[in-house]
Amino acid sequence: MATQTLLRSETLREIEKTHAIDQPPLMERAGNAAAKLALKLQAGLSGPPLILAGPGNNGGDALVAARVLKACGLDPVVVFLGHADKLPIDARMAWERWSTAGNCRSDIPARSYGLVVDGLFGIGLARSLTEPWLSLIARINAYRGPVLAIDCPSGLNADTGTLNPVAVRATHTITFISHKPGLLTLDGPDHCGEVTVADIGLADEVNAQQTAGFINNPALFAASLLPRQRNTHKGTYGSAAIIGGAPTMAGAALLAGRAALMLGAGRVFIGMLERIAVDHGQPELMLKSPAEAMTLATAIGIGPGLAQSDEAANLLRRSIETVLPLVIDADALNLLAAHPVLARQIARRSAATLLTPHPAEAARLLGGSVETVQADRIASALELAQRFHACVVLKGCGSIIATPEGRWFINTTGNAGLATAGSGDVLTGFCVALLAQGWTVKAAALGATWLHGTAADRLVDDGEGSIGIAAGELIAPARRVFNRLCVTSA
Ligand SMILES: NC(=O)C1=CN([C@@H]2O[C@H](COP(=O)(O)OP(=O)(O)OC[C@H]3O[C@@H](n4cnc5c(N)ncnc54)[C@H](O)[C@@H]3O)[C@@H](O)[C@H]2O)[C@@H](O)CC1
Ligand SMILES: Nc1ncnc2c1ncn2[C@@H]1O[C@H](COP(=O)(O)OP(=O)(O)O)[C@@H](O)[C@H]1O
Ligand SMILES: [K+]
């Protein structure tokens, strides 16, 4: 599978500048690519396409597309909502060329339409939308037929996935030059529909970018996907310790332990604060005191059901002091936020550390609000990674994986079925299992996140979700997909 590059608008603008005088012009290429897809989507629909063109270059793309559709024998209704004399130069040219082919209207004629094309705003959306745009977007969103967004759904921030304050809900999006992070995280996936990337001839330029992010996929952790050698034993696959499970929260630690077991850790120890003798549903798990579990481990995950007692804080300190790969989740993250001394110790660890906060935990760690974290999830994840010198998975729709070296990735597997108590505990177990088996922390973060989401997608494919997935149900499909990956990549 090819790894897809993600660029933010600052970089896209630089690329556009470098290619400003290319022939054919970028806007012609973009408009043509949009028209080609529009033709496909319009096929068989009874009304004409309705094309909405805004006041900038996004509108220019739409006007080029209108001209191409007309040349192909369609009769698009074009609504232009800008001032021709204020258009940027390329868009002005597109407006002039369209004007020789057809009319621009300033309102939407009442009639039935086929495809609606949203060319209102792209990456130039600069502030929160007001009227008349809000009513227009509400009207588009009330339409039940196909909606094709040009470059990104208008109102969506293509860098961050935030809404300003609403966006077009497209059934399809065609985005230019490269894929864009805001289409894949936070509110992006709910607004883009099916995304097509048209590189408009700039693929080499995109591949050369140093600040790029990537969509997570198995090619990124392929070097770790190895089938088992025959002459091995349980020690070969490491000893995972899960530290947590305070009274009333034993289940969180057990879930993480079961997940670690089934993703291949050779031995799994649960260092439970709540002392129970055995997990009757999974007797393979070895239930120990937290101190003993830590002593026996080759990789530690701390946090699931840990609570925030003094004992918990002490266990976190001891975990940080080990020279073992360490996953920090849930209440262990909250303890970190409350104890700056521990936070400083993390940055000095010689072994790998992986933090797996959800947005509220990330906000506590950064000393800000959830809104600030979510306003730019990539920046928040990178900030945490740098501050703690740790790998970070910032969870949620389109989880962000960030490394202390400044690399970032978006995970696109998974669905809202994961929004259920315990699914984070399962992710922690997956991460610890991969670390116990000797994966690098970056590979473990990418691999565990990808498998966790893919497991949820498999359950949906099988009709078992997205509603009502129980977190423990993620473990078996993740194991199946993992085994298949290890065999096929050999
Ligand atoms: N520049 C280029 O070379 C290319 C640009 N392309 C297209 O151009 C788009 C970017 O074009 P622009 O930079 O002109 O930006 P947009 O067309 O996305 O929007 C900018 C226009 O919207 C107005 N605006 C911004 N926020 C507003 C708000 N909240 N309320 C009302 N008006 C608002 C601005 O004043 C400006 O007129 C891309 O998304 C893509 O569709 C493509 O054609 C590829 C090549
Ligand atoms: N809407 C969603 N789409 C995709 N993934 C989601 C969604 N909601 C939650 N998740 C994933 O589910 C997991 C939830 O973790 P967390 O919030 O820590 O849950 P818990 O503490 O209950 O175990 C994370 O991996 C997160 O990325
Ligand atoms: K748009």
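In this chain, residues are counted from 1 in sequence order. First listed ligand is number 1; within each ligand, the first listed atom is number 1.
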Return yes or no for this condition: an N or O of L427 is under 3.5 Å from an N or O of ligand 2.
no

Between the side chains of D118 and S154, does any donor sit under 3.5 Å from an acceptor?
yes

Strictly under 3.4 Å, is any N, O or S atom of A149 next to the K ion (ligand 3)?
no

Please list the nearest protein heavy atom to atom 17 (O) of ligand 2 with its residue and the distance rounded to 0.1 Å.
H358 CD2, 3.4 Å

Any N or O on G122 sitting closer than 3.5 Å to an N or O of ligand 1?
yes

D151-ligand 1 polar pair, N/O distance under 3.5 Å
yes

Mind reading off the angle at the K ion (ligand 3) between the O atom of D118 and the O atom of C152, rounded to 10°?
120°

Could you tell me whether E10 atom CD has more than 12 heavy atoms of other residues or ligands within 6.0 Å of it?
no

Can you report which non-hydrogen protein atom sits closest to atom 8 (O) of ligand 1, along with the distance?
N57 CB, 3.0 Å

Compute the minimum heavy-atom distance from G396 to ligand 2 and say whether it is under 4.0 Å.
yes

Closest to atom 7 (C) of ligand 1 (heavy atoms only, candidates D22, D61, L134) is D61

Hey, could you give me the OG1/CD distance between T372 and E383, rounded to the nearest 0.5 Å?
12.0 Å

Checking only N/O/S atoms, does D151 have one that is under 3.4 Å from the K ion (ligand 3)?
no

Considering only heavy atoms, does S423 approach ligand 2 within less than 4.0 Å through its side chain, its backbone, both, or neither?
both

Does R97 offer a backbone N or O that forms a donor-acceptor pair with the side chain of T100 under 3.5 Å?
yes

Atoms in ligand 2 flagged as close to S399, the criterion being non-hydrogen separation under 4.0 Å:
27 (O)

Distance col, row L254:CG vs I276:CD1, nearest 0.5 angstrom, shows 5.0 Å

Any carboxylate oxygen within less than 4.0 angstrom of a Lys/Arg side-chain nitrogen, looking at E14 and R8?
no

Just which atoms of ligand 2 are under 4.0 Å from any heavy atom in D425?
23 (O)

Considering only protein heavy atoms, determine whether one is less than 4.0 Å from atom 19 (O) of ligand 2.
yes

Atom 24 (N) of ligand 1 - nearest protein heavy atom and its distance
F121 CE2, 3.7 Å

Gap between atom NE2 of H179 and atom CG of D199 - 0.5 Å precision:
13.0 Å

With a 4.0 Å cut-off on N to O distance, would you call K395 and D329 a salt bridge?
yes

Atom 37 (O) of ligand 1 has as its nearest protein heavy atom P55 O, 3.5 Å

Got a second to check how far L365's CG is from L384's CG, nearest 0.5 Å?
5.5 Å

From atom 35 (O) of ligand 1, work out which of K86, R127, H83 has a heavy atom at the shortest distance.
R127

Starting from atom 24 (C) of ligand 2, which protein heavy atom do you reach first, and at what distance in Å?
K395 CD, 3.4 Å

Residue and atom name of the nearest protein heavy atom (relative to atom 9 (C) of ligand 1), distance in Å to one decimal
N58 N, 3.6 Å

Of all the atoms in ligand 2, which lie at a distance below 4.0 Å from a heavy atom belonging to A419?
8 (N), 9 (C)

Any idea which atoms of ligand 2 are less than 4.0 Å away from a heavy-atom of A421?
22 (O)

Any N/O of I200 closer than 3.5 Å to an N/O of ligand 1?
no

Take atom CZ of R92 as the centre, draw a 6.0 Å sphere, and report whether it contains more than 12 heavy atoms from other residues, nucleotides or ligands.
yes

Opening angle between OD1 in N58 and O in I150, taken at the K ion (ligand 3), to 10 degrees
80°

What is the nearest protein non-hydrogen atom to atom 25 (O) of ligand 2, stated with its residue, atom name and distance?
H452 CE1, 3.2 Å

For atom 15 (O) of ligand 1, the closest protein heavy atom turns out to be G124 CA, 3.2 Å

What do you reckon, does I123 have a nitrogen or oxygen under 3.5 Å from a nitrogen or oxygen of ligand 1?
yes

I'd like to know if the K ion (ligand 3) has an N/O/S atom from L120 within less than 3.4 Å of it, counting both backbone and side-chain atoms.
no

Of the listed options (G422, G424, A416, A471), which comes nearest to atom 15 (O) of ligand 2 when hydrogens are ignored and any heavy atom counts?
G424

Could a heavy atom of G54 be found less than 4.0 Å from some atom of ligand 1?
no

Between the candidates V426, L418, T413, N415, which shows the shortest non-hydrogen contact distance to atom 2 (C) of ligand 2?
N415

Part of S128 with heavy atoms under 4.0 Å of ligand 1, whether side chain, backbone, both or neither
backbone

Identify the protein heavy atom lying closest to atom 1 (N) of ligand 1, giving its residue, its atom name and the separation to 0.1 Å.
E16 OE1, 3.1 Å

Taking all non-hydrogen atoms of both residues, which atom of A35 and which atom of L69 are closest, and how far apart?
O-CD2, 3.6 Å

Answer with yes or no whether the side chains of N411 and T449 bring together a donor and an acceptor at under 3.5 Å.
no

Name the option, out of I89, D90, L125, L129, that contains the heavy atom nearest to atom 30 (N) of ligand 1.
L129

